[in-house]
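All values reported here derive from a predicted model rather than from experimental measurement. Throughout, a chain's letter reflects where its sequence line sits, starting with A, and its residues are numbered from 1.
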There are 2 protein chains.
Amino acid sequence: MAREILYLEIARALRDQLGSEGYGPGQLLPSEGSLASTFGVSRVTVRKALERLTAEGLIDSRQGFGWFVVAVPLRQSLDTLTTIDAQFEAAGRRPERRLLKFSFTRPEPRARAVLGCNSTLLVSRLNLADDEPIGRNSAWVPQDLALDLTRRSVEQHSLHELLGLVLAGATQVVTAVGSSPEDSVLLGISIGTPLLQINRVTRDKRARPVLYSEAVYNPLMTEFVTELPAASIESAGLRVVQGA
Amino acid sequence: MAREILYLEIARALRDQLGSEGYGPGQLLPSEGSLASTFGVSRVTVRKALERLTAEGLIDSRQGFGWFVVAVPLRQSLDTLTTIDAQFEAAGRRPERRLLKFSFTRPEPRARAVLGCNSTLLVSRLNLADDEPIGRNSAWVPQDLALDLTRRSVEQHSLHELLGLVLAGATQVVTAVGSSPEDSVLLGISIGTPLLQINRVTRDKRARPVLYSEAVYNPLMTEFVTELPAASIESAGLRVVQGA
DNA sequence: GTTTGAACTTGTATTGCAGTTGTCTAGTAT
DNA sequence: ATACTAGACAACTGCAATACAAGTTCAAAC
């Protein structure tokens with residue numbers, strides 16, 4: 001019933017192979033020509049599939065040399081549209097994460113209160129689509145969970161993927177704020193422009209907070225959507241701000 | 001005997017298919033042409049159905065590429081949609097609904113695109129807590145469902161209670177906007193102040209939209225909270241704004 | 001050991017065609 | 001006025017086919 005796009009199917013097939021035996025990091029892939037003949041498509045189509053995997057940070061290439069693996073897929077949920085980046089890609093735009101901060105610091109009071117630890121890694125990133133700034137995301141990770149993270153990896157993947165968390169739940173608080181002077185520069189907007197602010201606490205399966213993030217997004221390009229099935233008391237809804 | 005509206009029937013058929021097997025987020029729909037031939041209608045009619053589903057936030061399209069799923073409608077029993085008033089009462093404050101508009105009118109284009117009918121009741125109310133304005137809520141109800149509503153009743157009860165329907169789900173879209181001149185007067189704030197805007201589509205158990213509401217709230221006094229259990233981690237999140 | 005060059009590889013164009021969405025216009029029926 | 005059909009055209013995408021430039025590898029020739 002549903003249509004299929006050839007190069008997306010090939011990208012999916014290759015992605016599956018990368019995770020299987022025999023394809024570790026550094027391994028050379030078959031040439032574009034041989035891939036084209038084995039899949040029975042043209043070289044252009046193979047290249048579009050390879051470029052997609054490059055955007056996902058799985059492979060890379062050198063002219064005259066070939067394509068090689070740089071990482072194996074972390075989680076299988078790459079083809080779903082759970083992250084904004086995946087949605088921008090589906091909409092035919094080129095998402096990018098630009099690293100602003102990557103430092104082991106004492107967390108800000110809010111983050112410290114949530115995570116309950118004094119040494120954290122602060123990762124601050126600017127989200128762009130087609131070189132147009134979309135939003136800023138600042139996240140605090142407890143130091144003991146952040147030792148494997150590198151500057152490269154956090155530019156190409158979401159923290160949820162990198163931390164390999166078995167997500168047991170998250171709480172998101174959405175508010176509207178006026179753009180701060182810093183964010184105005186980053187996002188290319190004037191001070192005071194309404195922004196969508198999302199503060200999220202992610203917990204592991206033992207209900208321990210493992211990630212606290214504060215993000216602001218330009219509401220002209222993003223919106224926050226919730227699907228409500230069975231509304232319990234703690235489900236999505238407005239809440240009174242304490243002390244208001 | 002009212003004539004059946006073709007594109008509404010087609011929209012309903014497609015909406016049912018989206019929830020069924022094989023149609024996860026990111027999946028491509030058949031082309032408009034093939035849909036037109038399978039349903040036995042013209043392409044224009046298919047497009048009207050697709051545009052409706054777009055307004056509901058279920059699908060999106062790219063020129064030359066096709067239509068693809070961005071979210072699958074959730075359908076479960078839902079007996080209590082939490083209201084702001086309940087939250088304020090729980091916080092020990094005195095909520096009040098002040099009626100601004102109560103008129104049978106043609107719905108605005110956005111509401112019309114979602115509800116798919118030309119005659120609706122528009123109920124606009126100002127929400128207050130302890131005589132302090134906190135937000136404005138405008139809701140469109142299809143006329144045939146609104147005949148029992150009175151000015152008195154909508155001031156004292158939520159529309160979800162009054163409609164007496166078995167509501168089975170809702171999709172909420174949250175964005176940040178600057179306060180309009182009208183809302184600034186109502187809420188006692190200056191023009192351009194960031195406000196939290198919540199557009200909600202409420203569906204009955206057959207996943208048919210029965211209520212569309214647009215509300216703005218002062219973020220200083222309210223915030224929007226979503227709890228994400230591990231199972232439905234995809235039910236809430238950022239989404240790309242159409243046409244941004 | 002160096003150099004040369006053939007045979008590979010990727011990078012980057014181009015043309016052409018079919019299929020798809022976006023957007024009109026004209027016309028009919030209820 | 002609204003729902004619907006039929007058709008036409010522009011603009012975009014997917015894909016094949018081809019060509020050429022530029023980098024890498026490797027072995028034969030010097």
- Task: Report yes if at least one side-chain N or O of Lys48(B) is closer than 4.0 Å to OP1 or OP2 of dA3(D); otherwise report no.
- Result: yes

- Residue whose closest nucleotide on DNA chain C lies nearer the 5' end, Gly33(A) versus Gln63(B): Gly33(A)

- To the nearest Å, give me how far apart CZ (Phe65(B)) and C1' (dA18(C)) are. 16 Å

- Check ion pair Glu182(B)-Arg136(B) (N to O, under 4.0 angstrom): no

- Item | Rounded distance in Å - CG (Leu28(A)) to P (dT9(C)) | 10 Å

- Message: Quick check on dT20(C): is either OP1 or OP2 less than 4.0 Å from any side-chain nitrogen or oxygen of Ser61(B)?
- Response: no

- Would you call Arg47(B)-Glu32(B) a salt bridge at under 4.0 Å N-O? yes

- note: Leu29(B), atom CG; dT13(D), atom P; distance rounded to Å ~ 19 Å

- dA16(D) P sits how many Å from Ile10(A) CD1, rounded? 8 Å

- Message: With heavy-atom distances below 4.5 Å as the criterion, would you say the side chains of Val41(B) and Leu35(B) are in contact?
- Response: no

- Rounded to whole Å, CG of Leu35(A) lies from P of dA16(D) at a distance of 14 Å

- Between Arg62(B) and dC12(D), does any side-chain N or O lie under 4.0 Å from OP1 or OP2? no

- Is any N or O donor-acceptor pair between the side chain of Arg43(A) and the base of dG11(C) shorter than 3.5 Å? yes

- Item | dC15(D) OP1/OP2 closer than 4.0 Å to side-chain N/O of Ser42(A) | no

- Query: Do Glu51(B) and Lys48(B) sit within salt-bridge range, that is, some charged N less than 4.0 Å from a carboxylate O?
  - Reply: no

- Task: To the nearest 0.5 angstrom, please state how far the CG atom of Leu187(A) sits from the CG atom of Leu128(A).
- Result: 9.0 Å

- Task: Would you please say whether a donor-acceptor pair under 3.5 Å links the side chains of Thr193(A) and Ser190(A)?
- Result: yes

- Return the nearest nucleotide to the side chain of Val41(A); candidates are dT21(C), dT10(C), dA16(D). dA16(D)

- Message: Check the phosphate of dA18(C) against Arg3(A), side-chain N and O only, distance under 4.0 Å to OP1 or OP2. Yes or no?
- Response: no

- Item | Distance below 4.0 Å between Thr45(B) side-chain N/O and dT5(D) OP1 or OP2 | yes

- Rounded to the Å, how far apart are Glu51(B) CD and dG22(C) P? 8 Å

- Message: Tell me the bend of the helix from dG1(C)-dC30(D) to dT30(C)-dA1(D) as the angle between end helix axes, each from five pairs, rounded to the nearest 10 degrees.
- Response: 10°

- Are Glu214(B) and Arg200(B) within salt-bridge range, i.e. N to O under 4.0 Å? no

- Query: What's the OH-P distance between Tyr7(B) and dT2(D), to the nearest Å?
  - Reply: 10 Å

- Query: When the nearest nucleotide of DNA chain D is assigned to Gly64(A) and to Arg106(B) on a heavy-atom basis, which residue is associated with the more 5' position?
  - Reply: Arg106(B)

- Message: If you compare every side-chain N and O of Trp67(B) against the phosphate oxygens of dT21(C) (OP1, OP2), does one of them come in below 4.0 Å?
- Response: yes

- Task: Starting at atom CD of Glu32(A), determine the distance to atom P of dC15(D), rounded to an integer number of angstrom.
- Result: 16 Å

- Query: Is there side-chain contact between Leu29(A) and Phe68(A), with at least one heavy-atom pair below 4.5 Å?
  - Reply: no

